[in-house]
Structure formats: C-alpha cells, structure tokens
Amino acid sequence: MSAKKFSLLEAFIWLIVLLLIVLLASPIAMGFLFKDTYYQMLNEVSESTQLNVNIVSFDRGLYSSDVLLEISAPDMPMNFQFREEIVHGPMYLGLINQGKMPFVMGVVKGEMIVPQQFQAQANTFFGGRPPLQYQQIVDFSNVARYQVYMPAINVQLPDESGPIQISSSGLLMNGVFNLNDKTSSGELNMPSFSVNGQGGQANASGLKVNFSMRPGDTGLLMGDSNVSLKRLEIQPPGKDQVALHDFRISGLNSEVGRLVNSSVRLQAREVYASNDRFGPITFVMTMNGLNADALLKIQAMQKEVAAKQQQGIPQEQINAMIAGEMMGLVPDLIKQADIKINPLKVESELGVMESTLSFSVEGLDSNAPADPFFLLGALNLDVDMTVDEALMKQIIEWQILAEDGRLERNGEPAAADADEPMNDRVAGNLKQMQSGNWLRLDDGVYRTQLSMHQGQLVLNGAQVNPMQLMQQGGGTAAP
C-alpha cells in the first residue's frame, strides 16, 4: 500500500490552520504570562512613589482582562480607583491607528473613576469625560511605554462676586520604564492654565517636567530632572502683580561607593514683586559626599511617619517621636560632606544681592564617631553675603509683613512696633541687626561674613561662642 502524498496546497492550508490556532491560543497564554509582569509593574509603582496600590478585582478573560485598582496614601483625603482593560498580546491591531507596531506582550488601557460625590463637579469640568486616562504598552523585552492624558478644560463657574473662567490646555505625559534594570524616563507638558475672575487672575504657560532615573548601587535613585515654566503671572485684586518669567530648576544625583553627590541649579530671567523687577536670578548648590546609609534611614523614617499618619497619630506627636532619631542621623549624613552654594545672585532695580557658601568636614572618614561635638571641631564653614542698601530694606519690609500676617492668622498679639510707620520699623530692624554684629554697612552695601574653622566661629571679624549663637539664634561680638 502506498503512502498518501500531500500536495503543496494541502500543506499551505495546514500551515494556515496551525497559525490560526497559535494566534487564537497565544492571547490566552499571554494573559497568564502578562499577569506576572503586570503585578511587577504595580509593585515598582508602589515602591517608587510610596503609594499603596491595591488590586480590588482581576477578571482574566481569553483575550483581555478587566482590573479595578485602588490607590491610597496617608496625605490623600480619599482613595482613588482606576478601571483598566488589559489587552493580551501577541498582537493588538488598535496600535496601528496610533502609528505603532501591533506586536506586544500586552497593552493596559486605564481611566480614573470619579467618586460619586464628585460626579457633578467632574461633569462640569470635563463634560462627562474621564479626568485622567492612560495607556501602557509592554513589549516582549519587558519595556513599558506609557502615556498619561488629562483633557482640556474651558468652563465658567458662578460666584457671588462674578463668574470665574477656568481654562487649561490639558496635560500630556510620555514615559518609558524598563522592568529589567528599573530605569525610567519621562516628560510632562502642560502648555497653558488660567483662572480669571473678580477675585483675581492667575495665568501660567509652558510648564515642562522631564526626568531620567535609575536605581543606584546604594539603593537610592540616581539620575537627573528638570522643571521649567515659561510664564506665571498672579494679579490679586487691588494689589501689585507677582510674575515669574523663564524659570528653570534642575537636579542631578550620582554616587561614588557609599557616598552620594547631588546638585541643584535654579534660574529665572525675571521676577516682578511690589512693582519692582528682579532678575536674572541664579542659585547653584552642590552637595557631595552625603552618606547613603543615613539617607536610606531617612527614607525608612519617612515611611514610618506615613504609617503613623495612617494610624491617625497627631502630627505633633509624630514629630516628637522622630526628632531625636533625626538629629542622630545628621552627623552621619554630613561627616564626609562637601557643600557649596556658588553663586546665589539676585539682580534687581533696587540693587544686587550676592552670596557664596562653602561647608565641609575635614579629617574624618566613614569610621569616625557621629558625635556632634566631635564634628564641630572638624567643620569648615565660610559664608559671604552682600546686599545693596535699598534691596536690603525691601527684604526686611517683606519679612515684617510676613510676620505680621502670621501673627494675625494665628490670633496672636501684634508686634510691639506694629503701629509705627513701615520705614521706622525697617530702620529699627536694621539697627538691631547691626548692633548684634549680624550686618555691617559700608558704602551703601550691607555685608555679612561668617566663618568657622577648627571650632572657632568668627562673625564679621569678631569671635563668637558657637553654642551660645545656636541657643540664642543671634549673638554679639565676644569680649
């Protein structure tokens, strides 16, 4: 008996059938596989943001799964829920419409669920649309690319003093998270936001946030981040406008062994306050040699504080419980540190303020005792600040107004000189600071110089007792 021969057409048909079986069955297998990846993603979000992310329900289907998430945190007034649909791979044709390749491990599509008590307000602002939507695409190499979207707002709200117009261009965030090495990067954009009404106006434009992070060998996050704002203008009714133009702040963290180096740079082209223009403004601070183990303990303490807040323990009681522990960590944190501020510079129509600071601990290594009195003799500190006279008077006036406001809000008695003219109050404050040797006036410029070396503290050329200075919050020249 001869064996049956398969024609080329029959072989092709069987191949198509086999491929169809694989395509139909693979989403089922992908559903089981992707669930583990999904849980890993949630754990990473929870750990990196210190949010509690809980799965309320997980209904796995053949080709997709439905999930209900709940997110909570001690500082949040309520829990937030999110509805998600997980589309199982290996292929999702809906990505073709987005200009993306359809071959993926899975796609998570989610949206925020508005609590029932806020449904009316959400409908007013968002017209029945979800206030927050997002999508995560996870490829076969365990890399998740996500997009978060908040819709535009243009709504008018009634108010006793007149209608309030709120407008926003919406918010868009794109990011990448690698589940293998835990690296992440992202960028957030909000082109414009404004609130206008009889109670005042506020307008902002050009908000951008971007970051790139990775877990370091110390267990701390390393990387860089940037925040920039093109324009912020606030106009209170009957008061001077406050404005900030071309603002940018950036930060960078790196590590060397068990030590962490960090830097912060702040810049603003101009700031308007009290009808005066300030700018450009520059501030650069570097902090090198911070102890990573002390930083990790501080992070653990933050989690402990969050847990106590969830238990309903009053904040004052929590502060009292951790104050001693925090003070004990400071010597360990800085005993190999080198901290500099160079420069802090503010230019304005009233004059210029310039300041530099250098702080380091000399002659100690990681095995040195974390004793505050032992560290005191190893400190090197140099501070030099100059402020033009007119600008210093304006700064003192702002401080007086801020203190008056604080006393009024707290129901405390007004300052003893509250009824005096502001010019006299400013002059009195400056005179007191000069008599205490905190300031010296030379040719229209106020100057403060503070240094500490080998346990000797010198303020404007006069030696002072450092312990007395810290206890009193001020001091006079030592005899």
Side-chain angles (χ1 to χ4, degrees), residues 22-23 25-55 58 60-69 71 82-112 132-150 171-189 208-227 250-255:
V22 170
L23 286 175
S26 57
I28 303 173
M30 283 290 175
F32 285 96
L33 180 63
F34 187 72
K35 186 175 182 180
D36 293 334
T37 302
Y38 178 77
Y39 273 78
Q40 184 184 351
M41 290 166 55
L42 295 184
N43 287 334
E44 294 296 336
V45 169
S46 183
E47 290 181 8
S48 62
T49 61
Q50 296 187 0
L51 296 173
N52 298 317
V53 183
N54 298 309
I55 297 177
F58 193 112
R60 187 174 58 235
L62 295 179
Y63 302 106
S64 66
S65 300
D66 295 322
V67 183
L68 182 63
L69 292 181
I71 295 179
F82 296 83
R83 182 187 299 112
E84 294 187 339
E85 178 192 9
I86 301 175
V87 181
H88 306 162
M91 185 168 61
Y92 175 46
L93 297 178
L95 293 176
I96 296 177
N97 295 331
Q98 302 177 27
K100 300 178 175 67
M101 293 295 291
F103 304 106
V104 293
M105 181 183 289
V107 177
V108 180
K109 299 185 291 182
E111 62 183 41
M112 176 186 285
L132 191 70
Q133 294 175 285
Y134 55 92
Q135 176 179 271
Q136 298 180 72
I137 303 171
V138 183
D139 62 24
F140 295 101
S141 58
N142 265 5
V143 174
R145 290 172 171 80
Y146 60 87
Q147 185 174 82
V148 181
Y149 169 72
M150 180 179 289
L171 178 149
L172 182 65
M173 180 176 181
N174 291 286
V176 179
F177 179 71
N178 190 316
L179 288 162
N180 302 307
D181 58 14
K182 309 299 188 297
T183 57
S184 63
S185 61
E187 180 175 284
L188 179 148
N189 287 277
K208 291 185 178 182
V209 180
N210 59 70
F211 63 90
S212 178
M213 297 293 176
R214 64 171 182 83
D217 296 333
T218 58
L220 297 164
L221 281 178
M222 300 294 131
D224 62 90
S225 60
N226 297 276
V227 178
S250 58
L252 175 66
N253 292 332
S254 60
E255 61 187 3

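All residue numbers refer to positions in the sequence shown, counting from 1. Hydrogens, waters and symmetry mates play no part in the numbers below; they use all other heavy atoms, side chains included.
Sorted by first and then second residue, the salt bridge (charged side-chain N to carboxylate O under 4.0 Å, His left out) pairs with a member in residues 135-148 read D139-R145; sequence neighbours excluded. Applying the salt bridge (charged side-chain N to carboxylate O under 4.0 Å, His left out) test to pairs two or more places apart or on separate chains, those with a residue in residues 171-187 are E44-K182. Residue pairs meeting the salt bridge (charged side-chain N to carboxylate O under 4.0 Å, His left out) criterion with at least one partner in residues 82-100, sequence neighbours excluded, are R83-E111, E85-K109.
L179 approaches Q40 most closely through the heavy-atom pair O-NE2, 3.2 Å. Residues A144 and V138 approach most closely at CB-CG2, 4.0 Å, considering heavy atoms. Contact detail for F211 and S184: the closest heavy-atom pair is CE1-OG, 4.0 Å. The shortest heavy-atom contact between Y146 and V176 is CE2-N, 3.7 Å. Pairing each heavy atom of V104 with each of F140, the nearest pair is O-CZ, 3.3 Å. Minimum interatomic distance between T218 and E255 (heavy atoms only, all atoms of both residues): OG1-OE1, 2.8 Å.
The side-chain heavy atoms of V108 and I137, taken from C-beta on, include no pair separated by under 4.5 Å. Side-chain contact between S65 and H88: present, with at least one pair of heavy atoms (C-beta onward) separated by less than 4.5 Å. You'll find the side chain of L221 stays beyond 4.5 Å of the side chain of N253, heavy atoms only. For the pair I55 and Y38, the minimum side-chain heavy-atom distance is below 4.5 Å.
When the side-chain contact (heavy atoms from CB on, under 4.5 Å) test is applied to I96, the partners found at least two apart in sequence or on another chain are L93, P102. Take M150 and apply the side-chain contact (heavy atoms from CB on, under 4.5 Å) test, not counting sequence neighbours, and it matches F126, L132, L171. The side-chain contact (heavy atoms from CB on, under 4.5 Å) test applied to L252 returns D224, S263, not counting sequence neighbours.
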Open item on the list: I'd like to know whether L172 forms a side-chain contact (heavy atoms from CB on, under 4.5 Å) with L188, so could you lay out the CA-CA distance, the side-chain angles of the two residues, the decisive distance to 0.1 Å, and finally the verdict.
Closed with: CA-CA 6 Å; L172 182 65; L188 179 148; over 6 Å; no
TODO: Go through V209 and M173 one step at a time and tell me if the side-chain contact (heavy atoms from CB on, under 4.5 Å) criterion holds.
DONE: CA-CA 9 Å; V209 180; M173 180 176 181; over 6 Å; no
Task: Stepwise side-chain contact (heavy atoms from CB on, under 4.5 Å) check, L95 with M101 - done: CA-CA 6 Å; L95 293 176; M101 293 295 291; over 6 Å; no
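Side chain of N54 to main chain of I71: no donor-acceptor pair is present (N/O by atom type, distance under 3.5 Å, no hydrogens or angles).
Considering CZ of F58 and CG of L68, their distance stands at 12.0 Å, rounded to 0.5 Å. Once rounded to the nearest 0.5 Å, the distance linking CG of L69 with CG of L42 reads 5.5 Å. Separating the OG atom in S185 from the CG atom in N178 is a distance of 10.0 Å, to the nearest 0.5 Å. Note that the CE atom of M105 and the OG atom of S141 stand 8.0 Å from one another [nearest 0.5 Å]. With values rounded to the nearest 0.5 angstrom, N142 atom CG is found 5.0 Å from N180 atom CG.
Side-chain contact check for Q136 and Q147: no donor-acceptor pair (N or O, by modelled atom type) lies under 3.5 Å.
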